Amino acid sequence: MDPTELQAQLALFTGSETFARHILVPRVVMTEGVMFLAKAAAAFWLIDAIASYQCDKRVLAEAFQVWRLKVDPAARNGVLTMTDGNSPEQIVTQSLDYTDFPLEVITLWLVDDNRHQVLMLPSEY
């Protein structure tokens with residue numbers, strides 16, 4: 001799927017009726033939009049990366065997390081960052097030497113509701 005079509009499809013997600021549990025971090029559940037993104041962009045690795053940081057005490061302390069992947073399409077590398085959404089201070093920064101992720105930038109939110117950590121597209125909040 002080309003980037004323009006992927007962006008258009010992602011914009012259609014405005015809520016979620018079903019959730020998928022992350023297999024390695026069962027407290028993390030993903031919305032329909034996140035699952036679509038993972039399948040359409042072959043980006044299950046992105047979901048795994050975000051879930052893997054949930055054991056970091058600095059990350060776990062944030063009930064609202066903003067995850068942003070920025071990709072340099074020419075160099076095919078990227079940077080995954082996490083903030084608390086209020087401050088520009090990055091709590092997590094992970095450099096990616098290579099990625100074939102089709103979009104130049106994607107933002108995901110992870111919200112802790114005291115039972116689950118729900119990973120969603122911002123439009124699904």
Side-chain angles (χ1 to χ4, degrees):
M1 183 175 299
D2 71 45
T4 304
E5 185 180 347
L6 180 57
Q7 284 284 36
Q9 291 293 317
L10 290 173
L12 299 175
F13 290 94
T14 58
S16 192
E17 293 182 12
T18 61
F19 299 88
R21 190 174 303 279
H22 191 276
I23 194 156
L24 298 176
V25 186
R27 190 162 184 256
V28 173
V29 295
M30 299 153 289
T31 61
E32 294 166 356
V34 170
M35 289 304 297
F36 173 82
L37 172 68
K39 290 176 187 172
F44 285 98
W45 61 268
L46 176 59
I47 309 311
D48 290 346
I50 293 169
S52 72
Y53 278 105
Q54 299 311 308
C55 63
D56 183 316
K57 289 180 183 180
R58 299 169 305 142
V59 172
L60 200 52
E62 300 300 331
F64 183 84
Q65 303 170 16
V66 176
W67 290 87
R68 182 166 290 121
L69 174 63
K70 290 185 181 178
V71 174
D72 179 339
R76 299 309 309 161
N77 60 24
V79 177
L80 177 63
T81 60
M82 183 234 143
T83 67
D84 66 6
N86 293 319
S87 167
E89 180 184 340
Q90 296 176 349
I91 298 167
V92 169
T93 304
Q94 179 179 342
S95 296
L96 306 170
D97 292 334
Y98 174 81
T99 182
D100 59 357
F101 191 77
L103 302 177
E104 289 187 34
V105 65
I106 189 75
T107 300
L108 300 175
W109 291 352
L110 189 140
V111 179
D112 190 330
D113 70 2
N114 291 321
R115 246 182 90 194
H116 301 102
Q117 292 174 295
V118 183
L119 186 60
M120 65 187 75
L121 300 172
S123 62
E124 293 178 298
Y125 187 72

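Worth saying up front: this structure is predicted, and the values here are computed from it rather than measured.
Counting heavy-atom neighbours within 6.0 Å of Glu104 CD, excluding the residue itself, gives a total of 12 or less. Counting non-hydrogen atoms of neighbouring residues, nucleotides and ligands closer than 6.0 angstrom, the OH atom of Tyr125 reaches no more than 12 such neighbours. Within 6.0 Å of atom CG in Leu12, more than 12 heavy atoms from other residues, nucleotides or ligands are found, so the atom counts as buried in its surroundings.
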Could you walk me through whether Leu108 and Leu121 pass the side-chain contact (heavy atoms from CB on, under 4.5 Å) test, one step at a time? CA-CA 5 Å; Leu108 300 175; Leu121 300 172; 3.6 Å; yes

Checking Gln54 against His22 for the side-chain contact (heavy atoms from CB on, under 4.5 Å) test, could you report, in this order, the C-alpha distance in whole Å, the side-chain angles of both residues, the deciding distance, and whether it holds?
CA-CA 12 Å; Gln54 299 311 308; His22 191 276; over 6 Å; no

request  = Could you please spell out the steps behind the side-chain contact (heavy atoms from CB on, under 4.5 Å) verdict for Trp67 and Leu69?
outcome  = CA-CA 7 Å; Trp67 290 87; Leu69 174 63; over 6 Å; no

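Phe64 places none of its side-chain heavy atoms less than 4.5 Å from the side chain of Asp112. Side chains of Val118 and Thr31 form a contact here, defined as non-hydrogen atoms less than 4.5 Å apart. Residues Asn77 and Asp97 form no side-chain contact, since every pair of their non-hydrogen atoms from C-beta on lies 4.5 Å or further apart. Residues Leu103 and Leu10 meet the side-chain proximity criterion, which asks for heavy atoms closer than 4.5 Å.
Side-chain N/O atoms of Gln65 and Tyr53 include no donor and acceptor closer than 3.5 Å.
Arg58 has a carboxylate O that lies under 4.0 Å from a charged side-chain N of Asp56, or vice versa, which qualifies the two as a salt bridge.
Every residue meeting the side-chain contact (heavy atoms from CB on, under 4.5 Å) condition with Thr18, not counting sequence neighbours, appears here in chain and number order: Glu32.
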